[in-house]
Amino acid sequence: MVLSQAPGSVRLIFNEPVDLVGRGVRVLGPDGRRAEHGPAQVSGGVVSVGVAATEPGSYLVIWRVVARDTHPAQGTFAFSVGHPSSPPGGMPAALGGPGESRQGLVLQMLARALHFAGYALGFGVLAFRQIVLVPLVVAADPRVERRVWRLIGAVVLVLLIAEPVALLAQAASLSAGGSGPLDPEVVWGALDSSFGRVLAQRLGGAVLFWVLIGAARNARAGDTRTTWPALLLGLAVALVDGEAAHAIGTRPSWLGLGVNTLHEAAMGAWVGGLFGVLAVWRAPGVAGYHPQIVSRAARIALCSVILLLVTGTVMALQHLTGLRDLVVTAYGRTLSAKLFVIVAVLLLAFASARAPAERRSLWWTAEAALLLSVLALAGLLVSLPPPA
Ligand code: HEM
């Protein structure tokens, strides 16, 4: 773009509200010196910064923001005053349009997958204990209790570790232009944005969960005063997760957030239930309860799968523009892969129901491994831009 007159400011318009990362916008003049003056101003999805662009030649605008749904975005574009000139000296390799590094995307997927796995194995296994084991009185057996609490306790660590990985992923995604992911301006900018607010809420949720399960573990048998608040906390964490997914950008957002919350909670109940069964299956004293455990866990799994299919379909309708997206966009292809693995999991679940009792745990282990890969694909899905 060649302008005949020097502009007084540069304005960027995004299709959703954004937070600036650091100064947000830098403008390099033809001599490589900074041409912007004053801090950039942001109002909803509009970012503007004053520029002193009196020298003829090309200017490079470098921008870095975090969207309301916590997704990082950055990019560059150029404009010229009077005539184009060679690229401003010292400019970083042109980034082109909005984008993020492959390394950042992989880390984002890893952080989300860790969080989802921690969610399922923490809140889901706790729900399994409360709904399946407690009514059968098996939970009163200390040998069973020890296995269940060990699993839930270890998972708090996974929930806590997922957050620094998410911060590293965010910083890496915002550093594709040259500065390293540990650039304090980028790290602070990421923390001082919608992403930082979600990170703080998730960390708070993990610590509160830790406190509540500590109290539930020490409570007398039958005292569920801390278990139910811990399970409600699970719903609240799923709601917070919707703020870091595309759900927050849907209209109306309460519907998007509600559907996303139910989807994640159902995922937790299914995956947590399966891991719960595997954790206690071989515990001494449990063999006599095997049929009841299987039938109760299967009922939870069936309800969860139905809820996942309904809510998943609603979200797919919200984020896709048509069936073609399933093959032509990265988001759609990831969703297709996820659906493919889910069909494989359901086939395994049917096969395990017909397998001899002594071989069932093998089928369940395979099912659990595939479900973890569904979570990895969900992590990637949430990190990619949706077509709609
Ligand atoms: C018909 C089946 C399903 C469909 C169509 C579906 C579709 C979707 C869609 C469109 C999203 C939204 C991603 C975004 O924010 O852009 C999503 C999120 C997710 N899905 Fe599914 N899904 C299905 C089943 C499952 C199953 C079986 C699981 C795991 C057991 C699962 C786990 C997740 C998770 C963990 C998320 C992320 C939720 C969050 O960000 O808080 N989904 N799914």
Side-chain angles (χ1 to χ4, degrees), residues 16 67-71 105 108-124 159 162 166 195 198 201-202 205 234-250 253 255-275 300-323 325-326 329-349 367-388:
E16 58 181 306
R68 190 172 56 146
D69 63 7
T70 76
H71 287 92
L105 187 63
Q108 300 251 1
M109 171 178 137
L110 177 69
R112 290 197 155 99
L114 272 176
H115 175 78
F116 294 146
Y119 182 92
L121 299 187
F123 297 106
L159 281 172
F195 167 82
V198 168
Q201 291 174 56
R202 279 181 173 161
L235 278 182
V237 171
L239 185 65
V240 168
D241 286 346
E243 290 176 37
H246 302 112
I248 187 83
T250 54
S253 60
L255 179 65
L257 285 174
V259 172
N260 195 78
T261 303
L262 289 178
H263 196 70
E264 190 170 336
M267 174 284 285
W270 183 15
V271 180
L274 183 60
F275 275 87
I300 297 178
L302 182 64
C303 295
S304 305
V305 168
I306 293 171
L307 196 53
L308 278 163
L309 296 183
V310 173
T311 50
T313 308
V314 173
M315 288 198 288
L317 290 172
Q318 284 171 331
H319 300 315
L320 299 176
T321 59
L323 279 179
D325 286 344
L326 287 172
T329 63
Y331 184 93
R333 283 195 292 268
T334 308
L335 181 56
S336 305
K338 183 177 156 198
L339 294 177
F340 183 76
V341 183
I342 290 169
V343 171
V345 175
L346 291 176
L347 290 176
L348 274 181
E367 195 184 327
L370 278 188
L371 276 175
L372 290 183
S373 61
V374 172
L375 297 190
L377 287 167
L380 179 59
L381 189 65
V382 181
S383 309
L384 288 169

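Just follow the structure's listing: the first ligand is 1, and inside any ligand the first atom is 1.
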Query raised in the report: Judging by distance only, is a nitrogen or oxygen of T313 under 3.5 angstrom from one on ligand 1?
Result: no
Requested in this report: Under 4.0 Å from a heavy atom of A316: give me the atoms of ligand 1 that qualify, with their elements.
Outcome: 10 (C)
Report summary line: Counting from 1 in the order shown, the ligand 1 atoms closer than 4.0 Å to a non-hydrogen atom of I342 are 23 (C), 24 (C), 25 (C), 26 (C), 27 (C)
Query raised in the report: If you count the atoms of ligand 1 from 1 in the order shown, which ones are under 4.0 Å from a heavy atom of D241?
Result: 41 (O)
Report summary line: Contact region, V345 to ligand 1, non-hydrogen atoms below 4.0 Å, reads neither
Query raised in the report: Strictly under 4.0 Å, does any heavy atom of K338 approach an atom of ligand 1?
Result: yes
Requested in this report: Examine the side chains of D325 and T321 and answer whether a donor and an acceptor come within less than 3.5 Å of each other.
Outcome: yes
Requested in this report: Say whether P386 and ligand 1 are in contact under the criterion: heavy-atom distance to a ligand atom below 4.0 Å.
Outcome: no
Report task. Pick, from W270, Y119, F116, the option with the minimum heavy-atom distance to atom 35 (C) of ligand 1. Result -> F116
Query raised in the report: Which option, A245, A266, P385, A120, owns the non-hydrogen atom nearest atom 40 (O) of ligand 1?
Result: A245
Query raised in the report: Looking at M267, which atoms of ligand 1 are within less than 4.0 Å of one of its heavy atoms?
Result: 29 (C), 30 (C), 32 (C), 35 (C)
Query raised in the report: Can you tell me if an N/O/S atom from L381 lies under 2.8 Å from atom 21 (Fe) of ligand 1?
Result: no
